[in-house]
Amino acid sequence: MSLKLKDWPTDNDFAHFLPEYFDDLMSVLPIKDYTARTGQLNLASMMPDFFVRPDLGPKMYIAYGNALYPDAGTTNLHIDMSDAVNLLVYVGLPEDCDREQHVAMGLKSCDEGDMDALSRKRLLEGGKLPGAMWHLWHPRDADKIRDLLKKVAVEEGKRLEPNTDPIHDQQVYLDIKLRKRLYEEYGVVSYNYAQLEGDNIFIPAGAPHQVNF
């Protein structure tokens, strides 16, 4: 079981609900012209009141992942309607776990995530625990990913229901086998990042992505 608190608070503005935490978060975000609510490059904040503005957050995610199961994501493949920045504020391990085993498996999972050489070096020599493994794809590759997922569903004997979308339904996590098949059959590669405590990950609007904590 993987427990997760997602998009919290769901029905309130974080700035009004927890104003002190909101100020703390805003103070550490990078590129404030872009990420702050009043940033000069944050176009969503400048939309007229008669438009339905996207929720600019912040929202909180707390996930109890498990490094021993790297092929099961805590957040399945999906697409967001606006750009987003994800800040990892804390990484911890359960008190009743085998710490060395979890650390070793977490590092192995990240190391096998097809990261570039500089990211791999930073991970192994940084001295910090990785808290999340991200896989991102270019927006132009979304339809190719959909085609693969539909093909896999047919191969598994599943029925393709009308008015459904294999990405927007958020039911699939692309494990290493599916990512390899996506590359071999469609030439599609992912951008892979191990997120350490304190790291910010930027997600472009329309980019399929998934994460495993």
Side-chain angles (χ1 to χ4, degrees), residues 1-8 10 52 54-55 57 59-86 88 101-102 104-117 119-120 123 130-195 201-213:
M1 180 184 297
S2 179
L3 302 178
K4 178 175 64 173
L5 180 66
K6 179 182 178 181
D7 274 338
W8 187 88
T10 57
V52 178
D55 188 345
K59 296 294 185 181
M60 185 180 296
Y61 289 75
I62 303 175
Y64 290 89
N66 194 329
L68 304 182
Y69 300 94
D71 292 333
T74 49
T75 301
N76 287 335
L77 185 70
H78 67 288
I79 292 175
D80 292 331
M81 64 178 292
S82 62
D83 296 342
V85 56
N86 292 268
L88 185 59
Q101 184 185 24
H102 270 71
M105 288 299 296
L107 291 174
K108 180 181 178 182
S109 174
C110 293
D111 191 42
E112 294 176 347
D114 300 324
M115 294 182 296
D116 62 86
S119 297
R120 182 176 286 105
L123 171 67
M133 186 66 202
W134 292 80
H135 301 282
L136 293 77
W137 287 267
H138 196 285
R140 65 169 175 258
D141 294 323
D143 286 339
K144 294 179 181 178
I145 296 174
R146 290 186 175 95
D147 190 65
L148 173 65
L149 294 179
K150 291 178 181 179
K151 184 188 298 185
V152 171
V154 171
E155 292 171 355
E156 294 176 349
K158 298 178 181 178
R159 179 182 176 184
L160 298 179
E161 300 292 341
N163 302 318
T164 61
D165 186 283
I167 297 180
H168 290 309
D169 292 344
Q170 300 188 33
Q171 299 297 316
V172 177
Y173 181 84
L174 295 179
D175 59 20
I176 189 170
K177 293 181 179 179
L178 287 176
R179 296 197 301 271
K180 182 178 180 181
R181 184 172 174 181
L182 185 62
Y183 172 72
E184 292 176 344
E185 298 183 17
Y186 295 86
V188 173
V189 297
S190 58
Y191 304 89
N192 311 301
Y193 304 97
Q195 188 178 22
I201 299 291
F202 283 83
I203 311 295
H209 61 282
Q210 61 185 23
V211 61
N212 187 16
F213 287 92

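Hydrogens, waters and symmetry mates are skipped; everything else that's a heavy atom, side chains included, is used.
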Discussion item. Determine whether a donor-acceptor pair (N or O, by modelled atom type, separation under 3.5 Å) exists between the side chain of D83 and the backbone of A205.
Written reply: yes

Worksheet item: Looking at residues at least two apart in the chain, or sitting in another chain, which of them share a side chain to side chain contact (heavy atoms under 4.5 Å, CB included) with H168?
Response: I79, R146, D165

Worksheet item: If you measure from CD1 on I203 to CG on L136, what distance do you get to the nearest 0.5 Å?
Response: 4.0 Å

Discussion item. On a heavy-atom basis, which atom in T75 and which in Y173 lie closest, and how many Å separate them?
Written reply: O-CD1, 4.2 Å

Worksheet item: At their closest point, which heavy atom of P139 faces which heavy atom of P208, and how far apart are they?
Response: CA-CD, 4.2 Å

Worksheet item: If you look at every heavy atom in A153 and L160, which pair is closest and at what distance?
Response: CB-CD2, 3.9 Å

Discussion item. Checking Y183 now: which residues fulfil side chain to side chain contact (heavy atoms under 4.5 Å, CB included) with it, not counting sequence neighbours?
Written reply: V189

Fill in: V172 to P166 - nearest heavy-atom pair and separation
CG2-O, 4.4 Å

Fill in: Qualifying residues under side-chain hydrogen bond (donor to acceptor under 3.5 Å, both in side chains), relative to K158, sequence neighbours excluded
E156

Discussion item. Would you say that more than 12 heavy atoms from the other residues, nucleotides or ligands in this model lie under 6.0 Å from the NZ of K59, or not?
Written reply: yes

Worksheet entry | L178: side chain to side chain contact (heavy atoms under 4.5 Å, CB included) partners, not counting sequence neighbours | V152, L174, D175

Worksheet item: How far does OH of Y61 sit from CG of D7, to the nearest 0.5 angstrom?
Response: 3.5 Å

Worksheet item: So do the side chains of D141 and Y186 get within less than 4.5 Å of each other, counting heavy atoms only?
Response: no

Worksheet item: CD1 of I167 to CG of N76: how many Å apart, nearest 0.5 Å?
Response: 12.0 Å

Worksheet entry | Any donor-acceptor pair under 3.5 Å from Q195 side chain to V211 backbone | no

Worksheet item: D80 versus H78: any side-chain heavy-atom pair under 4.5 Å?
Response: yes

Discussion item. Nearest 0.5 angstrom please: Q170 CD to Q210 CD, how far?
Written reply: 11.5 Å

Discussion item. If the condition is side-chain hydrogen bond (donor to acceptor under 3.5 Å, both in side chains), which residues does E161 pass it with, not counting sequence neighbours?
Written reply: none

Worksheet item: What orientation do W134 and H209 show, parallel under 30°, tilted 30 to 60°, or perpendicular over 60°?
Response: parallel

Fill in: By side-chain hydrogen bond (donor to acceptor under 3.5 Å, both in side chains) - contacts of K180 (at least two apart)
none

Item to complete: Decide yes or no for N192 and H135: does some side-chain heavy atom of the first lie under 4.5 Å from some side-chain heavy atom of the second?
Response: yes

Worksheet item: Does the side chain of L77 reach to within under 4.5 Å of the side chain of W137, using non-hydrogen atoms?
Response: yes

